[in-house]
Amino acid sequence: MLNRKRAGRESPSHETSLIARGTTIRGDLHFTGALHLDGCIEGAIVAETDDAVLTVSEHGQVIGEVRVPHAVINGRIDGNVLSDARLELAAQTCITGDVHYRLLEMAAGAQVNGRMVHVGADVPRELAAPRDASATDEIADAESAQA
């Protein structure tokens with residue numbers, strides 16, 4: 001019974017870490033799976049996988065940069081937040097720093113004291129190859145012949 005998944009609840013990973021209220025971690029934290037923060041982290045939080053999820057409760061606090069693909073924030077972050085997939089800011093969120101996001105959901109009451117920067121999909125950096133000049137002349141000749 002304890003090992004059964006609850007219906008309707010899908011998790012991107014089976015690994016979940018909890019940092020409890022009253023706990024303070026000083027230093028950078030790298031994680032995979034899901035991380036639920038009720039305590040305080042003084043350092044950067046970095047996700048190691050594309051399906052990692054960070055949840056910061058209303059009691060949670062981060063003093064440092066956050067780099068995660070998916071995040072649900074309802075606490076305090078003093079630092080920049082970079083989310084390249086989905087970022088949810090709940091009503092009690094207070095971020096002092098810049099927020100970079102691809103997809104954003106922000107509830108009434110959430111505060112961001114910094115820049116909001118949308119990060120779009122990757123754009124190809126190469127230009128298309130120029131068309132052959134002889135092919136252009138053939139197209140022009142064909143168009144003039146039809147006229």
Side-chain angles (χ1 to χ4, degrees), residues 1-140:
M1 179 183 269
L2 293 175
N3 291 332
R4 286 190 356 203
K5 282 189 173 182
R6 293 184 184 174
R9 214 176 152 193
E10 295 182 25
S11 174
S13 176
H14 299 289
E15 304 167 359
T16 300
S17 299
L18 170 66
I19 298 174
R21 192 173 178 184
T23 302
T24 299
I25 295 177
R26 289 182 180 90
D28 297 345
L29 178 72
H30 294 254
F31 75 100
T32 60
L35 173 63
H36 186 90
L37 177 63
D38 286 331
C40 178
I41 296 178
E42 296 176 0
I45 297 177
V46 180
E48 296 289 328
T49 59
D50 291 338
D51 65 344
V53 179
L54 170 67
T55 303
V56 180
S57 77
E58 64 273 9
H59 306 291
Q61 181 179 8
V62 178
I63 302 169
E65 184 174 86
V66 175
R67 288 182 173 267
V68 295
H70 305 276
V72 179
I73 299 174
N74 197 24
R76 181 172 183 82
I77 297 180
D78 295 317
N80 296 336
V81 176
L82 297 95
S83 172
D84 58 3
R86 181 180 177 87
L87 177 62
E88 296 179 39
L89 305 180
Q92 295 181 33
T93 300
C94 183
I95 297 175
T96 303
D98 296 341
V99 175
H100 298 257
Y101 64 92
R102 177 161 299 173
L103 180 64
L104 175 68
E105 181 178 333
M106 187 171 178
Q111 299 177 27
V112 175
N113 301 309
R115 294 182 308 140
M116 301 285 290
V117 180
H118 179 257
V119 179
D122 294 336
V123 178
R125 296 190 180 261
E126 283 187 31
L127 296 174
R131 290 179 27 181
D132 185 5
S134 61
T136 305
D137 292 340
E138 290 173 11
I139 294 171

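Along the sequence shown, residues carry numbers from 1. Bear in mind the structure is a predicted one, so any value in this text is a computation, not a measurement. Heavy atoms only: backbone and side chains are in, while hydrogens, waters and symmetry mates are out.
With sequence neighbours excluded, no residue forms a side-chain hydrogen bond (donor to acceptor under 3.5 Å, both in side chains) with His100. Not counting sequence neighbours, the partners of Thr49 by the side-chain hydrogen bond (donor to acceptor under 3.5 Å, both in side chains) test are Asp51. In this view, Asp28 satisfies the salt bridge (Lys or Arg N to Asp or Glu O under 4.0 Å) rule with no residue, not counting sequence neighbours. For the side-chain hydrogen bond (donor to acceptor under 3.5 Å, both in side chains) test, no residue two or more places apart in sequence or in another chain qualifies with Asn113. Considering only residues two or more places apart in sequence or on other chains, Tyr101 meets the ring pair (Phe, Tyr, Trp, His ring centres under 6.0 Å) condition with His118. Residues that satisfy the salt bridge (Lys or Arg N to Asp or Glu O under 4.0 Å) test with Arg86, not counting sequence neighbours, are Glu88, Glu105. For Asp84, the salt bridge (Lys or Arg N to Asp or Glu O under 4.0 Å) test picks out no residue, with sequence neighbours left out.
Nearest heavy atoms, Gln61 versus Val56: N-CG1, 4.3 Å. Contact between Ala91 and Ala108 at its shortest, heavy atoms only, is CB-O, 3.5 Å.
To the nearest 0.5 Å, atom CD1 of residue Ile63 and atom CD1 of residue Ile77 are 11.0 Å apart. Note that the CG atom of Leu87 and the CG atom of Leu82 stand 10.0 Å from one another [nearest 0.5 Å].
Side-chain contact check for Ile19 versus Leu29: some heavy-atom pair is nearer than 4.5 Å. By the 4.5 Å heavy-atom criterion applied to side chains, Thr96 and Arg76 are counted as neighbours.
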May I have the list of side-chain donor-acceptor pairs in residues 64-75 shorter than 3.5 Å, sequence neighbours left out?
| unit_1 | atom_1 | unit_2 | atom_2 | d |
| --- | --- | --- | --- | --- |
| Glu65 | OE1 | Arg67 | NE | 2.7 |
| Asn74 | OD1 | Gln92 | N | 2.9 |

Run the side-chain donor-acceptor check on residues 36-46: report pairs under 3.5 Å with partners two or more places apart or on a different chain.
| unit_1 | atom_1 | unit_2 | atom_2 | d |
| --- | --- | --- | --- | --- |
| His36 | NE2 | Asp38 | OD1 | 3.1 |
| Asp38 | OD1 | Ser57 | OG | 2.5 |
| Glu42 | OE1 | Arg26 | NE | 3.0 |

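Asp98 contributes no side-chain N or O that, together with a main-chain N or O of Asn80, makes up a donor-acceptor pair within less than 3.5 Å.
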